[in-house]
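Contents: one structure, followed by commentary.
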Amino acid sequence: MAGFNKVVTDYSEILYGLEDGMTVVAGGFGLCGIPQGLIDEIKRKGTRDLTVVSNNCGTTEHGLGVLLVNRQIKKMIASYVGENANFEAQMMSGELEVELTPQGTLAEKMRAGGAGIPAFFTATGYGTAVADGKEVREFNGRQYIMEESITGDFSIVKAWKADTFGNLVFRKTARNFNPLAAMAGKITVVEVEEIVQPGELDPDEIHTPGIYVNRVILGNSEKLIEQRTVATK
Amino acid sequence: MAGFNKVVTDYSEILYGLEDGMTVVAGGFGLCGIPQGLIDEIKRKGTRDLTVVSNNCGTTEHGLGVLLVNRQIKKMIASYVGENANFEAQMMSGELEVELTPQGTLAEKMRAGGAGIPAFFTATGYGTAVADGKEVREFNGRQYIMEESITGDFSIVKAWKADTFGNLVFRKTARNFNPLAAMAGKITVVEVEEIVQPGELDPDEIHTPGIYVNRVILGNSEKLIEQRTVATK
Amino acid sequence: MALSREQLAMRVAQELQDGYYVNLGIGIPTLVANYVPDNMDVMFQSENGLLGMGEFPQESQVDADLINAGKQTVTTVTGASIFDSAESFAMIRGGHVDLTVLGAFEVDTQGNIASYMIPGKLIKGMGGAMDLVAGADNIIVTMTHASKAGVSKLLNTCSLPLTGKGCIKKVLTDLALIEIKDGQFHLLERAPGVTVNEIKALTEGELVANGDIPEMQF
Amino acid sequence: MALSREQLAMRVAQELQDGYYVNLGIGIPTLVANYVPDNMDVMFQSENGLLGMGEFPQESQVDADLINAGKQTVTTVTGASIFDSAESFAMIRGGHVDLTVLGAFEVDTQGNIASYMIPGKLIKGMGGAMDLVAGADNIIVTMTHASKAGVSKLLNTCSLPLTGKGCIKKVLTDLALIEIKDGQFHLLERAPGVTVNEIKALTEGELVANGDIPEMQF
């Protein structure tokens, strides 16, 4: 079945269509479940002026932080960016534009973008700086703000397994924002640990159906741990 | 772990808290994945004046149709109600109030209700009778209507397997609206084909986490087929 | 001569492309699955929660838990996936389905479609039709060009309650393949043996037929 | 005497009920997990997508794919489930979590909370805190009652940017357990050996202390 084979074997082909100034939506939480190989390829390719949507922005050396250090990011939409010293400097100098977004709102914005919902109401952020300039409306006696959805020109995703049709399975909490990023991208590319044949994944156990996925590549990035914490007893 | 054991052994206890005039959200698509045992118990209990939210309303003899025949439903919110002769008569006589809702909007309304989103915008139904009385708004040059979410006082759900903590797994297209109904209910009760011990379901493969589920009961209803269609060659 | 149901399906199948995800409505659209070209792979989405719908099952394969949006028992193809209704309509409403094929009672020159309700008759509901027409960029409506009494179904303004507003660009009838553009019907192809004038006579809305209009090829 | 971090956690643990789903913020709230009564089962939700968070792993169990919202390696308990971030916040924002415990810089008599940003210092972001305070009915804020310099953190009006508006009803400080109601702080319990007057002196917002205020019991 040639029509649905989404496997790309060379990293140099995986980002075809990514251009300066585009919006990139990335999966991952901290350094968990991040598409490091795809991030490294964006660095190699040197695409600039990117708007990047991701819960975090990596560290100075890992994750999206490498694109920050390399001055490829113009604007960052994230919920928490505390792990990157470079971030502060670029933000303070006005070089980097930052839109802090509550984590749940960010997740919902990605899903909504993928699902054809241009905006939704949420109580999160009502009465805070997040609500500035946003419509407030009452439903059933409670105040909500209107949040608009996010779609990406490109989404970069890390999954555990993919079949060649792009059906994805995630592993443990490396799932996080990845299925949502997959939905939100006009073009969605995925780095995986294992590529299997169609039929090897149980249809009932697929987390992200292949319809959201354009390309799949076998990655080989090391998995990193930000806070290695072990039992003391 | 007594605290999370949600298994109820007697149908007479499963509907505790269901009262006349409440809103009941039900899973199922046609007769596929319907909680027939729970529906039968609502009939036995005789609860009246119900607002029922479900994609369909069963047939005269099966599914939610039995509650319709028994005059227990005051209002029906559904996308397609063609399989029930009794329905037409009650609707025409004004006895039954009907709110036809596009299937995707209905699914999204249930999810939104469960997710704390009171309203969202969708292109579905713009310019049609569904949009009557609803706000229209333009986003990126396209017209959308605002739809409010649905929550139920009670949700009735059919799953394949549950563990005793109420974690659910669905089988094939019997999944349909069931995970959404599970989210939307203030009280959610579930009929299953098999109850297993906690730990027997892989955490990565659970479709509905137990946090949405209040009670689980082992059902024994026969699965019905509306359109038995077999290959001709 | 007017196209048969099978010919309608065959002509729609010519619009398929390799790797397309396709949603087929009930009736004629369902038949399209029988005419997928051999050198092409397409996957069928069924809005009740299945991507990769296969053929009807053998007796021994019949499974009450595996049905399509028409509530018929079906099978899955290799590489299929199953999901809940919200996810299914996220695909549809988010524009991820490449082609949607569905029937209609009427369409008009503004791209409006009426397909779910005839006032005075039983209201069965719109099911997923409103979502499908609002969510897809690429829609083909299949319908008969006119009633048996010769009353056109390609109108200036739909007379029946709308399923969707301004969302239809392509219509295949038993007489013609038509594009809706700039408030007009544009004739692209004729059914074999049917003349432009015959089509015009059965089209209420303004029909533009520029140059030589080719016959459909099968 | 002011409560220790451990005592704060112990007092919060007294608010747990059998069968509760609980989200614990970073810092003191995390310690609550150590004081769940033996006769009680609770499940911890971690907003990065885990219900049923267990203890820190043994060396041999460490898994880069299994972390909590503080990015620490963790384990799962029997009966855990894992899901994406949208589903995780559907639980939180939909009000399905029974109890949320989180820290704060300031709270005020209107139930406002400031916990994520000190202007002039590095802005790290609100993470999931705004979702948690807006989504939960039952929230306990744990914090120190005043700064080391004796400046109250229980104010008439929060001075720092808000995390949430009008959403906090219960605050446990190192000196007192307080309910916020009708635009006032209501003193419910005192830390052992701390007087009502000492608490009043360190509370900027109006503090109501009706009748005999009991000491906390551990």
Side-chain angles (χ1 to χ4, degrees), chain B residues 29-33 55-56 78-83 85 87-88 91-92 98 100-108 110-112 122-131 143-144 160 170-180 183 207-208 222-233, chain C residues 46-50 53-76 80 82-93 110 112-114 116-117 121-135 161-167:
Chain B
F29 184 94
L31 298 182
C32 181
N55 190 57
N56 313 97
S79 91
Y80 191 83
V81 291
E83 263 74 272
F87 196 97
E88 188 178 4
M91 193 170 66
M92 294 301 183
V98 179
L100 289 176
T101 303
Q103 195 173 134
T105 296
L106 187 64
E108 194 67 24
M110 289 186 194
R111 180 192 175 274
T122 176
T124 297
Y126 165 69
T128 76
V130 166
Q143 303 297 319
Y144 296 84
W160 181 33
F170 302 92
R171 186 171 176 278
K172 301 190 177 178
T173 57
R175 191 178 328 179
N176 57 62
F177 282 84
N178 279 299
L180 313 167
M183 293 174 76
H207 295 132
T208 293
E222 190 194 353
K223 292 184 193 176
L224 298 161
I225 295 175
E226 263 178 278
Q227 303 283 342
R228 187 187 189 89
T229 317
V230 296
T232 49
K233 51 186 170 181
Chain C
S46 187
E47 64 262 31
N48 56 317
L50 168 60
M53 177 169 58
E55 302 186 344
F56 294 132
Q58 301 295 321
E59 266 303 337
S60 62
Q61 294 175 302
V62 168
D63 185 338
D65 288 340
L66 188 54
I67 65 169
N68 65 16
K71 290 152 195 167
Q72 296 169 310
T73 45
V74 292
T75 56
T76 55
I82 289 167
F83 31 83
D84 68 44
S85 299
E87 179 76 49
S88 185
F89 283 93
M91 284 175 198
I92 290 167
R93 293 153 53 123
Q110 303 307 309
N112 299 326
I113 175 173
Y116 84 102
M117 173 184 175
K121 295 202 182 177
L122 174 59
I123 300 159
K124 292 193 171 188
M126 68 292 284
M130 284 191 182
D131 306 287
L132 283 160
V133 297
L162 296 187
T163 309
K165 187 176 165 81
C167 48

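Just so it is clear, the model here is predicted, and its values are computed rather than measured. Chain naming here is simple, since letters A, B, ... match the order of the sequence lines and numbering starts at 1 in each.
Between the CD1 atom in B:I225 and the CD atom in C:Q72 there is a gap of 12.0 Å [rounded to 0.5 Å]. The CZ atom of B:F29 sits 9.0 Å away from the OG atom of C:S88 when rounded to the nearest 0.5 Å. Residue B:T173 holds its OG1 atom at 10.5 Å from CZ of C:F83, rounded to the nearest 0.5 Å. In this structure, C:I113 CD1 and B:T128 OG1 are separated by 12.0 Å, a value rounded to the nearest 0.5 Å. To the nearest 0.5 Å, atom CZ of residue C:R93 and atom OG1 of residue B:T105 are 4.0 Å apart.
Contact tally against chain C (heavy-atom pairs below 4.5 Å) for B:N178, B:V98, B:L224, B:T122: the top residue is B:T122. Between chain B and the residues C:E59, C:Q61, C:E87, the largest count of heavy-atom pairs under 4.5 Å involves C:E59. Comparing C:L162, C:I82, C:T163, C:T75 by how many heavy-atom pairs each has under 4.5 Å with chain B, the most go to C:I82. The greatest number of non-hydrogen atom pairs below 4.5 Å with chain B, out of C:G128, C:G49, C:P57, is found for C:P57. Ranked by heavy-atom pairs under 4.5 Å with chain C, the first of B:M110, B:H207, B:K172 is B:K172. Ranked by heavy-atom pairs under 4.5 Å with chain C, the list B:G125, B:A78, B:A107, B:G104 is led by B:G104.
Residues forming a side chain to side chain donor-acceptor pair (under 3.5 Å) with B:Q103 (at least two apart in sequence, or on another chain): none.
For C:I92, no part lies near chain B; criterion is any non-hydrogen pair under 4.5 Å. In this structure, chain B has heavy atoms under 4.5 Å from both the backbone and the side chain of C:F56. For C:E47, the parts sitting under 4.5 Å from any heavy atom of chain B are the backbone and the side chain alike. Looking at B:N55, neither its backbone nor its side chain comes within 4.5 Å of chain C, counting heavy atoms on both sides. For C:N68, the part sitting under 4.5 Å from any heavy atom of chain B is the backbone (N, CA, C, O) and nothing else.
Between the side chains of B:R111 and C:S85, not a single donor N or O lies within less than 3.5 Å of an accepting N or O.
In this structure, C:K124 forms no cation-pi arrangement with B:Y80, as its terminal cationic atom is not both closer than 6.0 Å to the ring centre and no more than 45° off the ring axis.
Under the 3.5 Å distance criterion, the side-chain polar atoms of B:T124 are left unmatched by any main-chain donor or acceptor of C:A134. Between the C:T73 side chain and the B:T229 main chain, a donor and an acceptor come within less than 3.5 Å of each other.
Nearest heavy atoms, B:E108 versus C:A86: OE1-CB, 4.4 Å. Taking all atoms of both residues into account, the shortest heavy-atom contact from C:G70 to B:Q227 is O-CG, 3.6 Å.
The side-chain heavy atoms of C:I67 and B:E226, taken from C-beta on, include no pair separated by under 4.5 Å. With contacts defined as side-chain heavy-atom distances shorter than 4.5 Å, the pair B:Q143/C:K165 does not qualify. Side-chain atoms of C:M117 and B:L100, non-hydrogen and from C-beta on, never get closer than 4.5 Å to each other.
Between B:R175 and the options C:D65, C:N48, C:D84, C:L50, a side-chain contact (heavy atoms from CB on, under 4.5 Å) holds for only C:D84.
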